[in-house]
Amino acid sequence: MKMKNPPVNSLSLELLTEFSIGLEKLEIDRGCRGLILTSVRDPIFSAGLDITEMCGKSAEHYAAFWRAVQEMWLKLFGSNMVIIAAVNGSSPAGGCLMALCCDYRIMADSPKYSIGLNETQLGIVAPFWFKDTMTHIVGSRVTEQSLQLGQMYPAPAALKIGLVDQLVPEDKVQSTAATVMAQWLSVPDHARQITKSMIRKPIIDRLVKQREADINNFVSFISKESIQKSLLVYMERLRQKKQ
Amino acid sequence: MKMKNPPVNSLSLELLTEFSIGLEKLEIDRGCRGLILTSVRDPIFSAGLDITEMCGKSAEHYAAFWRAVQEMWLKLFGSNMVIIAAVNGSSPAGGCLMALCCDYRIMADSPKYSIGLNETQLGIVAPFWFKDTMTHIVGSRVTEQSLQLGQMYPAPAALKIGLVDQLVPEDKVQSTAATVMAQWLSVPDHARQITKSMIRKPIIDRLVKQREADINNFVSFISKESIQKSLLVYMERLRQKKQ
Amino acid sequence: MKMKNPPVNSLSLELLTEFSIGLEKLEIDRGCRGLILTSVRDPIFSAGLDITEMCGKSAEHYAAFWRAVQEMWLKLFGSNMVIIAAVNGSSPAGGCLMALCCDYRIMADSPKYSIGLNETQLGIVAPFWFKDTMTHIVGSRVTEQSLQLGQMYPAPAALKIGLVDQLVPEDKVQSTAATVMAQWLSVPDHARQITKSMIRKPIIDRLVKQREADINNFVSFISKESIQKSLLVYMERLRQKKQ
């Protein structure tokens with residue numbers, strides 16, 4: 001019932017594809033009713049989408065990458081299983097999105113870890129279904145301000161606005177996730193699944209209906225010279241930080 | 001301006017029908033501008049839908065019962081009057097729904113009383129219009145988690161998430177409701193009514209448009225052998241609790 | 001980057017028209033990326049719509065006035081700029097609406113200042129796009145109760161329900177607004193603008209689609225003898241208060 005996302009520094013095309021296939025397998029496995037989403041690398045839950053997949057590649061590559069991001073979201077947000085996020089590190093952009101897709105979010109209680117959809121800080125834009133997912137969790141005022149500012153929230157601030165549901169000491173994240181999972185699994189599966197699907201289906205249908213348009217939109221945006229330049233600047237800054 | 005729901009242990013087909021007719025009469029009575037919804041039996045505000053109406057009956061009976069539940073909701077949520085809930089006891093499932101339909105909810109400040117839509121705990125599912133009503137009051141994150149878990153909230157927790165608006169000592173519930181009612185009735189009726197109807201009409205229209213489909217959906221769900229079995233198990237558990 | 005609304009006691013047809021033209025000019029001026037909305041008259045941020053424009057005038061006048069109110073909202077809520085409200089005084093009705101259209105609201109921390117959509121107290125009704133704007137900021141439960149009651153919130157209460165984002169001492173409102181503006185302007189414009197527009201466009205489109213119907217609706221409502229009488233009573237009360 002647990003899954004560990006290997007190094008998970010970034011969600012590459014390969015990792016996203018593996019993730020979706022893995023999730024689909026668990027979905028049809030009747031023995032698996034719940035999943036704890038966590039990272040084996042402590043300081044980072046997930047660094048989000050792999051920027052190298054969005055830089056200096058062909059339009060075909062961008063399209064394939066974006067389809068994989070959509071697929072991951074469709075599978076994760078639309079899952080019938082109970083999915084608990086054990087957020088044991090920072091979780092920007094795509095990492096935050098994954099946490100938001102879960103049924104419940106537990107985060108390590110440390111101000112050094114933060115979470116948020118910070119796309120605008122990189123000069124890019126979270127698409128409408130990222131926005132819909134965040135609005136579903138924290139409402140429209142907080143979502144609008146967060147997305148415009150590309151704001152990252154330290155754990156205590158994330159709890160306050162409802163971006164995560166619970167903070168626990170870092171070494172209790174996994175055990176708390178297991179306890180919470182037991183509570184969720186005590187509810188009859190069929191009633192819980194119908195309820196979850198009734199609530200999420202309208203949000204999922206919005207992307208399903210305009211999936212190709214959303215891909216075209218991403219490809220034409222990311223192919224712009226100005227966007228490419230701003231991503232390169234961002235990556236250069238990251239590289240210098242590491243040194 | 002007050003109404004007392006007789007024993008209100010459970011919302012039977014008969015009680016629901018009486019309730020809707022009574023509400024309709026008050027609605028057209030120009031002398032009645034507001035209503036305080038409360039229970040004469042203290043430990044329970046309303047036990048919700050009568051499970052015996054959903055067990056071992058004919059498809060026709062299930063359909064008639066569900067239509068009566070819809071009718072109650074349409075009348076109560078769509079009322080032009082000011083309706084204040086004086087929640088003087090526990091309020092699961094249908095009882096919680098009735099409180100959520102009111103304009104303002106006052107609850108007895110006691111952790112022994114709780115309120116919530118706990119349908120999944122019985123193996124059944126709150127329909128989309130129960131969900132819409134709850135989302136209207138507490139937003140989509142809390143609604144999704146509550147409905148999946150079938151969670152009952154003790155009074156203090158209910159206040160915290162906004163499921164009720166105010167807690168007062170048990171013996172002050174009625175007098176507070178009267179004070180709040182006076183405040184609401186000080187607003188010019190026509191302006192308040194247009195405002196209320198503008199906000200609630202889209203939510204009401206969703207059920208009106210798919211009323212028959214919703215009945216068919218309920219009948220086919222509740223007629224399933226597995227659902228009938230799980231309701232019998234639940235009723236047996238209740239019976240043993242009482243002894 | 002700052003704009004001061006002259007006496008701003010009330011939003012007259014003339015002031016609304018000037019405001020929309022001024023905003024449009026700034027919108028196409030590439031040098032202007034942000035705007036701080038404030039009042040030069042301290043005790044009042046804006047008194048809201050000018051009631052004299054709604055009393056004893058012709059149907060043509062009401063229609064022209066309402067079109068100007070719509071235009072102000074379309075321009076302000078739909079602006080590409082960062083707009084910060086520096087609420088340095090009370091802000092009822094139309095004044096509250098203007099603040100709600102901004103990206104962020106800073107209010108003077110004084111219980112003597114209050115803010116809210118208090119239309120029903122005057123016997124009139126906030127139209128659906130006022131309601132949509134408020135729901136966008138504080139959610140549907142608070143909006144429904146506020147609009148029905150025509151409730152004004154003193155600054156601390158306004159912060160609590162999220163109607164404003166931050167309270168600061170009265171003499172710090174402007175400097176705080178400047179600091180917040182600097183933070184918002186540090187985000188790449190194109191990414192922030194696309195994000196803002198993605199979120200607000202569906203809300204704006206609702207009015208665009210039914211603009212003429214909304215005008216007709218306003219004109220027929222405000223022309224009613226009973227509404228005219230109730231506005232005259234309200235103005236008389238205001239006049240007596242001032243003496």
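Numbers restart at 1 for each chain; the letters A, B, ... are given by sequence-line order, proteins then strands. Here the structure is a predicted model, which is why all the values come from computation and not from measurement. Note: hydrogens, waters and symmetry copies are ignored here, and every other heavy atom, side chains too, is used.
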Determine the minimum heavy-atom distance between B:T120 and A:P188, stating which atoms define it. O-CD, 3.3 Å

Given that the side chain runs from C-beta out, which part of A:V82 has a heavy atom under 4.5 Å from chain B: side chain, backbone, both or neither? neither

What distance do B:R141 atom CZ and A:Y104 atom OH have between them, rounded to the nearest 0.5 Å? 10.0 Å

So which residue, B:I227, B:V125, B:I124, B:V142, ends up with the most heavy-atom pairs under 4.5 Å with chain A? B:V125

Does B:E236 have more than 12 heavy atoms from other residues, nucleotides or ligands lying within 6.0 Å of its CD? yes

Can you say whether B:L147 sits under 4.5 Å from chain A via the side chain, the backbone, both, or neither, judging by heavy atoms? both

What verdict does the side-chain contact (heavy atoms from CB on, under 4.5 Å) test give for B:Q148 and A:I199, after you've listed the backbone C-alpha separation in whole Å, the side-chain angles of each residue and the deciding distance to 0.1 Å? CA-CA 10 Å; B:Q148 283 202 69; A:I199 292 174; 5.7 Å; no

Using a cut-off of 6.0 Å, state whether more than 12 heavy atoms not belonging to A:Q183 lie near its atom CD. yes

Just one of A:D103, A:V187, A:T195 clears the side chain to side chain contact (heavy atoms under 4.5 Å, CB included) bar with B:L149, so which one? A:V187

Closest approach of B:A126 and A:M198, non-hydrogen atoms and distance? O-CE, 3.4 Å

Between A:H136 and B:S140 the two heavy atoms that sit nearest each other are O-OG, 2.6 Å

Counting heavy-atom pairs under 4.5 Å with chain B, which one of A:D189, A:D165, A:T135 comes out on top? A:D165

Over 12 foreign heavy atoms within 6.0 Å of CD, A:E24: no

Could you give the distance from CD (B:Q145) to NZ (A:K196), rounded to the nearest 0.5 Å? 11.0 Å

